[in-house]
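Encoded as structure tokens, the structure appears first; notes follow it.
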Amino acid sequence: MPETATDLEPVEDFRLRLRSWLADNMPRARRRGAAPLRPRGQMSDEEELAEVAYHRELQRRLFEGGFAGICFPKEYGGQGLTPEHQKVFNEEIWPYDYPARLQVPPMQPCATIILDFGTEEQKRRHIPAILRGDEIWMQMLSEPSGGSDVAGAQTTAVRDGDEWVLNGSKIWTTGAWWSDWALCLARTNWDVPKHRGLTVFMVPLRHEGIEIHRIEMLNGSREFCQEFLTDVRIPDSDRIGEVDQGWTVGTRWMFYEKSFSVSFYVTRPTPPEGSGDGMSVGGDTSLITEARRRGTLNDPATRELIGEAHALSLVSSEANRRIGEAIATGKMSDQGAGLSKIIGGTLGIRVANINFQLAGPAAAAWTEDSRAAGDQGVAFLTRQASQIGGGTTEMARNVVSERLLLMPRERTLDRDIPFRDVPRGPSTG
Amino acid sequence: MELELTEDQEFFADTTRKFLEDKATPTDLRQLRGDPIGYAPQYWRAGAELGWTSLLVSEEDGGGSISGRGLADLALVAHQFGRHAAPGPLLATNVVAAAVSRRGTPEQRAEVIPGLLAGETVATWCWAEPPPRDRLGEVGLSATPDGQNYVLNGRKGPVEAGAHAQHLLVVARAPEGLVQLLLPASSPGITVIPAQGLDLTRRFAEIRFDDVVVPRSALLGDPSATEADIERQLQLANVIQLAEMVGAMEKAFEITVEWAFNRYSFGRPLASYQELKHRFADMKAWLEAGHAAADAATRAVQDETDWAGEYTSAGKAYMGVYGIELVQDCVQMHGGIGVTFDHDMHLYLRRVVVDSLLFGTVSDHRQRLATMLERREAVETNESHEDKEATNA
Ligand SMILES: Cc1cc2nc3c(=O)[nH]c(=O)nc-3n(C[C@H](O)[C@H](O)[C@H](O)COP(=O)(O)OP(=O)(O)OC[C@H]3O[C@@H](n4cnc5c(N)ncnc54)[C@H](O)[C@@H]3O)c2cc1C
């Protein structure tokens with residue numbers, strides 16, 4: 001946790017210093033609050049690599065300017081400041097470009113896990129490198145046999161002297177093809193119950209024995225990867241946490257994964273509170289622009305849908321703010337992060353449906369003139385991705401009901417038996 | 001409800017909570033079902049003593065807040081009102097008290113405010129009109145100038161406490177635009193028709209104005225500011241409703257969680273079924289979002305930000321769907337008992353439903369939001385033109 005000592009730079013001083021530094025050093029955002037110019041699914045590999053390089057460069061500028069890793073400790077290249085400073089940072093960077101690709105998972109959960117569980121040497125080696133934009137980290141959790149049941153990982157690590165030998169396969173690893181490192185959850189003991197035989201490793205992605213295949217999503221994006229690990233040798237010094245105690249790391253990892261939207265280790269440009277600017281988050285005014293283009297702006301049914309989407313976007317962002325604050329101040333357990341996922345899965349889905357509905361027939365077939373509608377159509381096809389990635393909405397509902405409302409846990413058939421004997425379905429990959 | 005309250009606020013909210021726990025039990029509410037005004041006069045006087053009617057009134061007029069933020073304090077009371085489905089014209093009285101304290105002449109303030117502060121009299125705002133003029137903001141009631149007077153003709157309703165309020169703040173259409181007039185309910189030409197209503201204790205009426213003669217001195221505030229005043233009053237009303245709705249949602253949810261642990265089916269508590277657990281998880285998320293929506297609206301209206309109307313409308317548009325759905329699902333989780341008069345659930349259901357329909361339906365508030373967004377888009381488009389021009393220059 002960041003320190004809250006009183007000799008830290010006062011938040012408003014920090015704001016002014018940051019404001020003038022940003023003006024001199026960071027490029028203005030292409031469009032306020034905007035998503036990438038082009039949906040990722042439609043980027044060529046060259047464009048995508050160029051964007052990654054650009055984000056590394058932005059991160060490096062922040063690092064050199066003394067503004068990278070606001071809440072990371074100073075000794076590892078961070079600024080050792082408070083969540084309040086990060087909040088100011090999020091507000092001040094709002095009009096500028098920022099290294100969006102280097103936030104989740106590199107800053108959280110990856111860097112935060114290294115911070116919590118890494119040895120001194122591991123921390124000194126990797127955290128500054130992450131904060132400088134030199135190392136981009138991804139997460140190797142999900143496997144072809146299942147992602148919700150993370151602790152059921154079957155990728156195996158066997159000790160060989162000072163090294164570990166990894167074999168198996170990980171899947172759905174976003175961005176593995178343009179990244180440098182990954183945290184990898186592996187099974188080191190098949191003869192104990194599933195939670196007691198796991199270990200976490202730091203794996204360099206371009207490494208002997210790792211084959212990275214890209215998977216095409218239905219929108220054309222090829223961000224997803226599957227990694228095949230064949231006799232991959234990892235030094236024991238790249239193990240994080242104790243042998244077979246990987247679930248201690250894993251639990252925290254899951255928490256960080258679910259709570260990134262309320263994390264102060266992650267930069268999330270937000271319009272200054274009370275400026276009213278945030279109300280255009282979620283592309284609400286673009287709904288007006290699009291309706292005008294379609295000639296439907298004066299149609300009461302259209303206006304009602306626009307108003308509904310705006311209401312839900314606004315309430316969702318206020319809800320996330322509240323949940324984040326409640327967790328940060330200890331008024332709600334960490335598990336409350338699942339609430340944000342549910343809000344996305346209910347209110348967010350409704351907003352997505354409205355965007356789609358308002359786009360009209362051009363969402364099915366479009367020309368350059370109606371490309372915005374086409375983008376809505378494509379986005380709609382992948383609507384569920386946000387309900388699956390980072391843990392599914394159903395899993396969030398399990399967590400909220402069982403951990404927050406303390407309702408009885410679901411019965412499982414894999415609790416107290418050796419992992420080897422746990423029933424499994426036919427392999428899917 | 002805000003995550004952080006001051007100590008004074010906690011104490012204040014707790015005092016109202018204890019009072020309502022004692023004086024507004026579900027049994028009391030059921031007994032008030034047929035009562036013409038819906039509460040006992042001494043109950044309202046005692047509530048006024050606790051501060052229910054003074055929070056939006058200036059200190060000069062004898063009012064005052066707990067925390068320096070009167071509306072935030074009032075939202076705490078409204079939240080407790082929702083939790084208890086409590087009787088009493090909280091919204092009506094506070095909206096008028098705020099308007100009179102802010103805009104009234106010394107005579108108007110002296111005439112109206114002391115009685116409201118003491119809980120001896122009730123005031124209500126007559127803005128909405130019956131069908132076919134029931135869309136938010138429609139005003140057909142006319143104020144025709146006649147020498148030093150206006151002559152009012154038209155209908156208002158539903159008007160909360162319309163059959164027993166002593167003071168009416170009436171929105172009327174005059175040749176110069178909308179005006180607000182503060183008049184005694186006993187003025188000649190006024191006919192009150194009590195309405196049937198969903199809420200057990202909250203009374204409404206339709207009020208007819210037939211050649212009601214009102215002196216110009218009854219104008220509240222300058223007509224040029226009336227539109228802004230009405231917007232402000234609407235926002236206050238919506239904030240009180242939102243806080244009340246989230247209180248009712250919260251209580252319904254708590255009752256239902258407890259039920260789910262205690263009710264068994266097939267040898268297991270309901271709380272052990274994943275299908276129901278998932279619905280509880282959704283309800284919990286919607287409840288938190290309800291708190292967030294109500295708090296954000298309260299803050300924005302308290303601070304009179306330019307975007308206050310967007311927050312209140314977003315809250316009403318949200319709560320009117322998800323708040324109601326939450327309570328209906330609580331009914332569903334109860335099975336048959338959930339739709340009986342004996343069970344308490346309907347007390348909270350009535351409250352959220354009534355609040356969702358008055359001072360703007362879901363549909364009205366969505367339309368308002370679209371209009372506000374359109375304005376915002378125009379500003380953004382201008383700005384980006386200016387940006388471009390600045391870059392070109
Ligand atoms: C955009 C995106 C990015 C991703 N990035 C990464 C990444 O970088 N690294 C990584 O490791 N993984 C990543 N994933 C994978 C993701 O974490 C998994 O897809 C997810 O956890 C679900 O696992 P699964 O696909 O195996 O589905 P399964 O676990 O097989 O689930 C199938 C369905 O069953 C439901 N289900 C499963 N168990 C239960 C239960 N106990 N109760 C109720 N319902 C249940 C699920 O909710 C789902 O609907 C990403 C996925 C997406 C979509």
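Sequence lines set the chain letters: A, B, ... in the order given, protein chains first and strands last, and positions in each chain run from 1.
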Exercise. Is any side-chain heavy atom of B:R376 less than 4.5 Å from a side-chain heavy atom of A:I288?
Worked result: no
Exercise. Roughly how far, to the nearest 0.5 Å, is CD of B:E288 from CD1 of A:I343?
Worked result: 8.0 Å
Exercise. Step by step, would you call B:Y318 with A:L314 a side chain to side chain contact (heavy atoms under 4.5 Å, CB included)?
Worked result: CA-CA 10 Å; B:Y318 166 76; A:L314 207 57; over 6 Å; no
Exercise. Looking only at heavy atoms, which two atoms of A:L339 and B:A281 are closest? And how far apart?
Worked result: CD2-O, 4.3 Å
For this session: Report yes if the side chains of A:R397 and B:K284 come closer than 4.5 Å at any heavy-atom pair, otherwise no.
Result: no
For this session: Flag yes if more than 12 heavy atoms outside B:R133 fall under 6.0 Å of its CZ atom; otherwise flag no.
Result: no
Problem set entry | Choice from B:E4, B:R368, B:R366 maximising heavy atom contacts with chain A below 4.5 Å | B:R366
For this session: Heavy-atom pairs under 4.5 Å with chain B are the metric here; pick the option from A:S340, A:A396, A:G307 that has the most.
Result: A:G307
Problem set entry | CD (B:E258) with more than 12 external heavy atoms under 6.0 Å | no
Exercise. Any idea which of B:E2, B:K277, B:Q274, B:H291 has the most non-hydrogen atom pairs under 4.5 angstrom with chain A?
Worked result: B:K277
For this session: Name the option with the most non-hydrogen atom pairs under 4.5 Å to chain A; the candidates are B:R279, B:M1, B:M372.
Result: B:M1
Problem set entry | Test log, rule side chain to side chain contact (heavy atoms under 4.5 Å, CB included), inputs A:N398 and B:H278 | CA-CA 7 Å; A:N398 285 347; B:H278 281 194; 2.6 Å; yes
Exercise. So does B:E227 have more than 12 non-hydrogen atoms from other groups sitting under 6.0 Å from CD?
Worked result: no
Seminar exercise, completed: Applying a strict 4.5 Å limit to non-hydrogen atoms, the region of A:L312 in contact with chain B is side chain
For this session: Any chance you could lay out the side chain to side chain contact (heavy atoms under 4.5 Å, CB included) test for A:R303 and B:T371, step after step, and finish with the verdict?
Result: CA-CA 8 Å; A:R303 297 182 74 82; B:T371 304; 3.2 Å; yes
For this session: For the pair B:Q367 (side chain) and A:P300 (backbone), establish whether a donor and an acceptor sit closer than 3.5 Å, ignoring hydrogens and angles.
Result: yes
Exercise. So does B:R17 have more than 12 non-hydrogen atoms from other groups sitting under 6.0 Å from CZ?
Worked result: yes
Exercise. Of the non-hydrogen atoms in B:A285 and A:I342, which two are nearest, and what is the gap between them?
Worked result: CB-CG2, 3.7 Å
Problem set entry | Which portion of B:D282 sits near chain A, non-hydrogen atoms under 4.5 angstrom | both
For this session: For B:L3 and A:A326, work out which heavy atoms get closest and say how close.
Result: CD1-N, 3.8 Å
For this session: For A:E410 and B:Y273, work out which heavy atoms get closest and say how close.
Result: OE2-C, 4.5 Å
Problem set entry | Region of A:R403 that comes under 4.5 Å of a non-hydrogen atom in chain B | neither
For this session: For chain A, find which of B:S272, B:A260, B:A317 contributes the most heavy-atom pairs closer than 4.5 angstrom.
Result: B:S272
Problem set entry | Contacting moiety of B:A289, where chain A heavy atoms sit under 4.5 Å | both
For this session: Side-chain contact test, heavy atoms from C-beta onward, threshold under 4.5 Å: evaluate it for A:L405 versus B:F253 and give yes or no.
Result: yes
Exercise. Can you find a pair of side-chain heavy atoms, one from B:F280 and one from A:V400, that are under 4.5 Å apart?
Worked result: no
Problem set entry | Region of B:D295 in contact with chain A, defined by heavy-atom distances below 4.5 Å | side chain
Exercise. Can you check side chain to side chain contact (heavy atoms under 4.5 Å, CB included) on B:L373 and A:L287, steps first, answer last?
Worked result: CA-CA 9 Å; B:L373 257 193; A:L287 286 177; 5.6 Å; no
For this session: Would you indicate whether the side-chain heavy atoms of A:M407 and B:F261 approach each other to under 4.5 Å?
Result: yes
Exercise. Checking heavy atoms, do the side chain of A:L297, its backbone, both or neither come under 4.5 Å from chain B?
Worked result: side chain
Exercise. Pick from B:G315, B:A292, B:A300, B:G290: which one has the most heavy-atom pairs with chain A under 4.5 Å?
Worked result: B:A292
Exercise. To the nearest 0.5 Å, what is the distance between OG1 (A:T346) and CD (B:E325)?
Worked result: 11.5 Å
Exercise. Measuring heavy-atom distances to chain B, does A:R409 have an atom under 4.5 Å in its side chain, in its backbone, in both, or in neither?
Worked result: backbone
